[in-house]
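Sequence lines set the chain letters: A, B, ... in the order given, protein chains first and strands last, and positions in each chain run from 1.
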Amino acid sequence: MSKTPQAIRGTQDIFGVDAEAFAFVVETFERVRRLYRFRRVEMPVFEKTEVFSRAIGETTDVVAKEMYSFEDRGGESLTLRPEFTAGIARAFLTNGWQQHAPLKLATHGPLFRYERPQKGRYRQFHQIDAEIIGAAEPQADVELLAMADQVIRELGIEGVTLHLNTLGDGDSREAWRAALVEHFRAVKDELSEDSQERLEKNPLRILDSKDPRDKRLVADAPKIDAYLSDDARAFFDAVTSGLDAAGVKWQRAESLVRGLDYYRHTAFEFIPDEGSEAAGKLGSQSTILGGGRYDGLMESLGGAPTPAVGWAAGIERLAMLVGEKDEGELQVAVVAEHSRVEKDASRLTSLLRSKMIVADMFVTGSPRKRYGRAVKANPMIIVSLDYRDDDLHQSWRIERPIESDELHEIMATFTLTGDT
RNA sequence: GCGAUCGUAGCUCAGUUGGUUAGAGCGCCGGUUUGUGGUACCGGAGGUCGCGGGUUCGAACCCCGUCGAUCGCCCCA
């Protein structure tokens with residue numbers, strides 16, 4: 001026998017109760033997005049590499065090292081999507097979806113990032129995603145966040161809080177950034193080694209460093225609020241008051257930033273509260289939903305300036321928090337205790353299923369052990385079909401009653417034939 | 001890219017300071033109790049001990065490498 005190939009590192013085969021939890025997340029998302037009239041969109045799993053490299057920024061590490069890129073037979077560089085937003089932005093431009101603006105879109109599916117797997121982090125993972133494109137007003141942010149909040153509540157997830165920040169408009173953001181660099185440069189020697197590195201490459205990231213040495217210095221770092229333009233401040237005030245009006249709980253997170261430059265104004269993450277059960281289940285990958293406003297993205301793909309805001313959430317991480325979902329109760333187990341009644345068992349099972357009654361049959365393996373297997377499946381009703389002493393026998397045992405007239409009618413009228 | 005821990009049957013795991021033919025439970029297959037039933041009993045299949053090399057009279061056990069898993073760091077679209 002030849003050796004069985006192994007699965008690709010960082011991929012998962014999701015099965016049983018885990019797959020049920022996964023499906024529950026997706027079904028809940030689908031239900032909620034309809035409530036908010038987000039329109040369903042199906043996107044390709046791969047795009048020209050350029051779609052992502054231009055959207056995300058050519059020089060960043062994520063583009064350089066963490067994408068699944070390859071050449072197709074025509075020599076074109078393609079990339080398995082590492083996020084939804086860039087592909088959706090490309091579709092918005094190439095399909096003329098401007099005509100539908102403002103456009104509320106929702107999708108879900110697999111994404112690919114070439115990273116080291118760990119808890120809640122895989123190379124092929126799955127997200128739900130919501131975007132509002134072509135809406136510059138803060139009410140769009142509010143609606144998007146209200147939807148996110150409702151998804152999480154409908155999933156029954158507790159102990160998770162919306163952390164909210166503003167990065168201001170382009171000018172605010174640059175002024176703040178310059179002030180941060182100045183502040184940290186003055187105390188460079190006291191920063192962690194990693195943050196000394198960040199100071200050159202991505203100074204905003206120092207703000208959410210886990211190192212205690214950095215945390216102390218972050219505490220008295222300049223705040224974005226001091227650098228906000230009047231417009232940016234008004235925008236953020238409108239978002240927060242809108243959230244209050246919509247009954248969405250939130251907390252200000254002055255250190256919350258985004259890794260990419262195209263973000264403006266609103267930035268947010270839903271994060272488990274410290275010490276909560278949810279935090280324990282997630283390990284160090286703690287953000288379960290994140291997003292923000294990306295008004296600059298369309299231009300980087302060659303389109304007209306188009307305001308947009310969106311979020312995405314990891315299905316696997318959400319599934320870890322929703323608890324066990326069972327695979328659905330077996331209502332009727334049909335047991336053929338003799339080969340003469342196997343066809344009858346099959347006929348009865350089909351009949352039940354055609355009436356939307358959940359049924360399974362037990363007709364394989366040794367006849368004397370079939371009943372035991374049926375019992376183990378924990379059905380509400382066990383129907384035994386048998387042939388002994390030259391006679392056909394039919395009986396049922398009710399473990400837990402089913403309210404169904406159709407079931408009783410089927411059982412009353414079903415007759416064994418013994419045909420083989 | 002870096003670090004720590006771990007790889008023994010389909011699954012969960014034992015396996016003594018290195019010492020005969022590597023074990024258990026569950027699951028699977030077969031049989032006994034000729035039974036209205038989840039039990040019990042008997043038997044069976046299934047393992048190159050992740051892979052490769054080394055040390056040794058002798059390695060599941062010690063050493064090196066490699067692959068994989070898990071968790072953390074970096075990064076996080």
Given that both distances must come in under 3.5 Å, which nucleotide forms a Watson-Crick or G-U wobble pair with C71(B)? G3(B)
Under 4.0 Å, heavy atom to any atom of RNA chain B: which of residues 208-216 of chain A qualify? Lys210(A)
Side chain of Arg388(A) - closest among G30(B), G35(B), U70(B): G35(B)
From the candidates C67(B), C71(B), G38(B), the one with an atom nearest any side-chain atom of Gln118(A) is C71(B)
Can you identify which nucleotide, out of C76(B), G30(B), A77(B), has its nearest atom closest to the Arg121(A) side chain? C76(B)
Residues passing the side-chain hydrogen bond (donor to acceptor under 3.5 Å, both in side chains) test with Arg40(A), sequence neighbours excluded, are Glu30(A), Glu42(A), His108(A)
Among A77(B), G37(B), G68(B), find the nucleotide with the atom closest to the side chain of Ser384(A). G37(B)
Tell me yes or no: between the side chains of Tyr294(A) and Glu131(A), is some donor less than 3.5 Å from an acceptor? yes
Roughly how many Å apart are G10(B) and G50(B), using the P atom of each and rounding to a whole number? 13 Å
For the residue pair Phe70(A) and Phe46(A), does the interplanar ring angle fall in the parallel (under 30°), tilted (30 to 60°) or perpendicular (over 60°) class? parallel
Under 4.0 Å: is that the gap between some side-chain N or O of Arg370(A) and OP1 or OP2 of U36(B)? no
Among the candidates C75(B), A77(B), A69(B), find the nucleotide nearest to the side-chain atoms of Arg258(A). A77(B)
Pick the nucleotide of RNA chain B nearest each of Arg116(A) and Thr11(A); which residue has the one closer to the 5' end? Arg116(A)
Given G38(B), G68(B), A77(B), the nucleotide with the shortest approach to the side chain of Glu83(A): A77(B)
OP1 or OP2 of U36(B) versus the side-chain N and O atoms of Ser395(A): is any pair under 4.0 Å? no
Would you classify Glu337(A) as touching base, sugar-phosphate or nothing, given that sugar-phosphate means primed atoms plus P, OP1 and OP2, and contacts are heavy atoms under 4.0 Å? base
Of the nucleotides C73(B), C67(B), G31(B), which one has an atom closest to the side chain of Asp194(A)? C73(B)
Can you tell which of C67(B), C73(B), C76(B) lies closest to the side chain of Ser284(A)? C73(B)
Look at the side chain of Ile56(A) and decide which nucleotide, out of G27(B), A77(B), G68(B), has an atom nearest to it. A77(B)
So what does Asn202(A) touch, heavy atoms closer than 4.0 Å: a base, only the sugar-phosphate, or nothing? sugar-phosphate
Regarding Gln6(A), tell me which of base, sugar-phosphate or nothing describes its non-hydrogen contacts under 4.0 Å with the strands shown. sugar-phosphate
Under 4.0 Å, counting only non-hydrogen atoms across every strand here, what does Gly372(A) touch: a base, just sugar-phosphate, or nothing? nothing
Nearest heavy atom decides the nucleotide; on that basis, is Lys369(A) or Tyr263(A) closer to the 5' end of RNA chain B? Lys369(A)
In whole Å, what separates the C1' atom of U17(B) from that of C13(B)? 23 Å
Within residues 124-138 of chain A, residues whose heavy atoms come under 4.0 Å of RNA chain B: none
What does Arg373(A) touch in the nucleic acid at a heavy-atom separation under 4.0 angstrom: a base, only the sugar-phosphate, or nothing? sugar-phosphate
